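This one's a predicted model, so the numbers in the text were calculated from it and none came from an experiment.
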Amino acid sequence: MKRVAASFCLLLIMACGASAKEWRGIMPLHSTRVDVVRAIGEPAFQDYVFDVEEGRATIRFSVQPCEQSVLDNLTAWRVSGDTVLDISLFLKQPVAVAGLNLTEADGYEQQSDDSGIVNYRNRKEGIIYTAAEGVVFSITYGPSEKDGHLRCEGSEPGREAR
């Protein structure tokens with residue numbers, strides 16, 4: 001009985017420790033396909049693409065353990081099939097970067113290339129804001145630093161996939 005109580009307490013502590021950014025109650029590496037349908041209904045399109053008030057969301061699920069997240073093309077995650085890997089939200093109404101406080105002091109790394117696209121990534125929270133010409137047009141929610149214990153053996157944190 002003590003083991004059961006201790007296991008239950010450990011599960012509660014682990015659940016409370018997850019601090020990744022969630023979207024509509026859906027948290028990468030912790031929510032499942034069933035949770036997604038419960039939170040936002042059936043998808044409008046195949047492959048779990050949803051039209052929502054903010055824009056269009058695409059949710060990617062694991063098929064098997066040790067799949068890679070879009071957020072980090074070198075990291076694979078030890079989660080069961082049908083677990084949310086990441087969520088990409090393409091905004092109907094772009095938001096000015098200046099109003100979001102996406103600074104280094106707040107944990108954001110700025111990465112850009114010759115295309116004019118700038119990614120503001122916060123590894124601790126597991127979020128990327130993608131912008132062009134000073135406006136954010138998409139937000140990607142993925143695993144946070146606290147999800148490191150779910151990283152597959154031999155998998156390492158790396159560079160962004162996009």
Please check: side-chain N/O of [X] versus main-chain N/O of [Y], any donor-acceptor pairing under 3.5 Å?
| X | Y | answer |
| --- | --- | --- |
| S62 | S80 | yes |
| T83 | V79 | no |
| N122 | K124 | yes |
| R78 | R151 | yes |

Kindly indicate whether the side chain of [X], heavy atoms from C-beta on, has any atom under 4.5 Å from the side chain of [Y].
| X | Y | answer |
| --- | --- | --- |
| R60 | I87 | no |
| I59 | I26 | yes |
| S31 | V84 | yes |
| Y120 | I127 | no |
| T130 | F137 | yes |

Next on the checklist: Salt bridge or not between E54 and K92? Use side-chain N to carboxylate O under 4.0 Å.
Outcome noted: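 So E54 does not pair with K92 through a salt bridge.
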Item to check | Sub-6.0 Å ring centroid separation between F61 and Y48 | outcome: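 Distance test on ring centres: under 6.0 Å, yes.
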Next on the checklist: Apply the hydrophobic cluster definition, ILVMFWY joined by side-chain contacts under 4.5 Å directly or through others, and give me every member besides V34.
Outcome noted: none
Next on the checklist: What verdict does the salt bridge (charged side-chain N to carboxylate O under 4.0 Å, His left out) test give for E145 and R123, after you've listed the backbone C-alpha separation in whole Å, the side-chain angles of each residue and the deciding distance to 0.1 Å?
Outcome noted: CA-CA 6 Å; E145 280 184 353; R123 292 177 191 272; over 6 Å; no
Item to check | From CA spacing to verdict: salt bridge (charged side-chain N to carboxylate O under 4.0 Å, His left out), E53, R24 | outcome: CA-CA 12 Å; E53 295 138 26; R24 293 187 171 215; 3.7 Å; yes
Checklist entry - Atom CD1 in I40, atom CZ in F50: separation rounded to 0.5 Å? => result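 With rounding to 0.5 Å, CD1 (I40) is 4.0 Å from CZ (F50).
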Item to check | Distance (rounded to the nearest 0.5 Å) between R121 CZ and E109 CD | outcome: 6.5 Å
Checklist entry - Given the rule in the side-chain contact (heavy atoms from CB on, under 4.5 Å) test, do N119 and Q110 qualify, once you have shown the distances and angles that lead to the verdict? => result CA-CA 6 Å; N119 289 317; Q110 183 176 332; over 6 Å; no
Answer yes if [X] and [Y] sit in the same cluster of Ile, Leu, Val, Met, Phe, Trp and Tyr residues linked by side chain heavy atoms under 4.5 Å apart, and no otherwise.
| X | Y | result |
| --- | --- | --- |
| L85 | L150 | yes |
| I117 | L100 | no |
| V52 | Y141 | yes |
| L89 | V37 | yes |
| Y108 | L91 | yes |

If I compare all heavy atoms of [X] with all of [Y], which pair ends up nearest, and what's the gap?
| X | Y | value |
| --- | --- | --- |
| D86 | G142 | CB-CA, 4.3 Å |
| P143 | P28 | N-CB, 4.0 Å |
| A76 | C66 | CB-O, 3.3 Å |

Checklist entry - Would you say the side chains of H30 and D147 form a donor-acceptor pair under 3.5 Å? => result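 Looking only at side-chain atoms, D147 and H30 do form a donor-acceptor pair, the distance falling under 3.5 Å.
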Checklist entry - How about T32 and D82: does a side-chain donor come under 3.5 Å of a side-chain acceptor? => result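 Note: T32 and D82 side chains miss the donor-acceptor criterion.
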